[in-house]
Number of protein chains: 2
Amino acid sequence: MEYEQLKLENQLCFPVYAASRLITREYQPFLDRLEITYPQYLVLMVLWETNGLTVNDIARKLLLNTNTITPLLKRMEQQALITRERSKKDERKVLVKLTSKGRDLQEQAAQIPEALEKRLLDSQLEIDDLVKLKERLNDVIEFLSK
Amino acid sequence: MEYEQLKLENQLCFPVYAASRLITREYQPFLDRLEITYPQYLVLMVLWETNGLTVNDIARKLLLNTNTITPLLKRMEQQALITRERSKKDERKVLVKLTSKGRDLQEQAAQIPEALEKRLLDSQLEIDDLVKLKERLNDVIEFLSK
DNA sequence: AAGTTTTTTATCGCAGGCGATTATTTCATT
DNA sequence: AATGAAATAATCGCCTGCGATAAAAAACTT
């Protein structure tokens with residue numbers, strides 16, 4: 001092996017990529033029960049915090065492009081989780097709001113983060129490690145999202 | 001806000017998910033030059049380390065399903081990066097090998113990890129933070145991939 | 001006011017990523 | 001040898017995720 005730096009485990013990219021998919025997989029059974037996908041869950045979290053955002057607002061918060069968000073929101077509208085309507089003040093903007101169904105999911109979703117945290121603490125990882133991990137990742141995001 | 005734990009920044013999932021996409025985006029210009037995608041780059045890294053693996057071997061190393069890998073490998077075969085052939089000894093298995101084109105890309109790829117590391121060190125993050133981050137993520141992967 | 005630029009959302013096409021299922025081969029058991 | 005189980009890869013369908021582009025509205029410039 002001539003190029004040591006090209007090994008999977010010696011790069012940051014692969015651990016982040018793999019961990020992301022594994023963590024999402026852990027969410028699956030919980031999200032299945034709510035009949036939503038992981039990105040839909042992210043959209044709901046954003047709207048639970050602030051109901052009534054534009055497509056751009058949501059995209060910015062999730063660091064996604066609007067061409068990912070738009071079809072996602074359309075599917076969520078079809079499932080009656082949200083409504084989409086053009087702003088009267090600025091016809092370019094589309095306002096996204098929770099329906100009562102979307103709002104009501106928050107209560108059931110509230111247990112998910114705790115369940116996941118509990119699950120991760122079954123490893124040798126301490127709560128402190130997880131907090132630091134989160135902080136470092138947020139540093140990376142802060143830096144790269146400029 | 002009644003459910004503090006449902007905020008994006010208070011969960012591990014979102015930072016990992018967002019960081020993964022942002023880091024992949026940083027790879028883009030380098031990978032564009034080699035005319036490969038990020039998952040293709042991962043497959044190549046695995047094969048550069050051990051040429052001649054089965055579909056399953058590759059899937060296991062990348063923690064991906066074979067139904068993701070199979071079409072990916074087909075595209076790589078079309079680009080003449082790899083060859084795929086049924087094993088004579090066990091007709092169930094398909095052996096994946098680098099072509100000379102695929103092999104030759106290693107030299108050009110060797111600079112990518114360094115460039116990325118350099119880029120990340122432009123942030124307030126220290127090399128030590130990145131190493132620890134990687135280690136923690138590998139702990140998470142180790143635990144969740146069982 | 002007219003023309004230009006910017007903002008905002010949507011459309012299109014393509015490559016993952018994965019759950020469910022299938023087809024084939026090999027292994028294990030009787 | 002015959003049968004059932006396990007392993008391996010592939011197929012299908014759906015939902016992201018994103019680059020490139022377009023369409024419409026608003027903001028800006030002259």
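So that the names make sense, note that chain A is the first sequence line, chain B the second, and so on, each numbered from 1.
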Boundaries of the chain A footprint along DNA chain C (any atom under 4.0 Å from a heavy atom): C:dT7 to C:dC18
For the side chain of B:K93, counting heavy atoms from C-beta on, which of D:dG17, D:dA10, D:dA9 is nearest? D:dA9
Nearest whole angstrom, please: distance from the C1' of D:dA10 to the CG of B:N65. 13 Å
Heavy atoms only, 4.0 Å cut-off, all strands: where does B:R60 land among base, sugar-phosphate and nothing? nothing
Could you say whether A:N56 or B:L42 is positioned toward the 5' end of DNA chain C, judged by the nucleotide with the nearest heavy atom to each? A:N56
Tell me: CZ of A:R75 to C1' of D:dG17, nearest whole Å? 11 Å
Over 12 foreign heavy atoms within 6.0 Å of CD, A:Q124: yes
Remember a base hit wins even if backbone is also touched, and classify A:T66 as base, sugar-phosphate or nothing at under 4.0 Å, heavy atoms. base
Atom pair distance, as rounded to whole Å: CG in A:L73 and C1' in D:dC15: 14 Å
We want to know whether B:N138 and B:E142 form a side-chain donor-acceptor pair, criterion being a heavy-atom distance below 3.5 angstrom. no
Determine whether B:S123 and A:V140 make a side-chain contact, defined as any pair of heavy atoms from C-beta on separated by less than 4.5 Å. no
In whole angstrom, give the distance that lies between atom CD of A:E35 and atom P of D:dC14. 17 Å
Decide whether A:E117 and B:Q5 meet the rule of one side-chain donor and one side-chain acceptor closer than 3.5 Å. no
Students often get this wrong, so: under 4.0 angstrom with heavy atoms, is B:T37 touching a base, only sugar-phosphate, or nothing? sugar-phosphate
Pair B:Y41 + B:F30: ring centers closer than 6.0 Å: no
Measure CD/A:Q28 against P/D:dC15 and give the value in whole Å, please. 13 Å
Closest-nucleotide mapping onto DNA chain C: is A:L22 or A:T54 further toward the 5' terminus? I mean the 5' end. A:T54
Does NZ in A:K93 sit with more than 12 non-hydrogen atoms of other residues, nucleotides or ligands closer than 6.0 Å? no
Measure from CG on A:L63 to P on D:dT16 and round the result to the nearest Å. 17 Å
Rounded to whole Å, the NZ-P distance (A:K74 to D:dC15) equals 14 Å
Are A:D129 and A:K132 ion-paired here, with the side-chain N under 4.0 Å from a carboxylate O? no
Within the structure shown, what part of the strands sits under 4.0 Å from A:R21 by heavy-atom distance: base, sugar-phosphate, or nothing? sugar-phosphate
Distance, rounded to the nearest Å, where B:N67 contributes CG and D:dC14 contributes P: 15 Å
Could you check whether A:L64 gets within reach of a base, just the sugar-phosphate, or nothing at all, counting any heavy atom under 4.0 Å? sugar-phosphate
Go nucleotide by nucleotide along DNA chain D from the 5' end; which of A:T68 and B:D90 gets its closest nucleotide reached first? B:D90
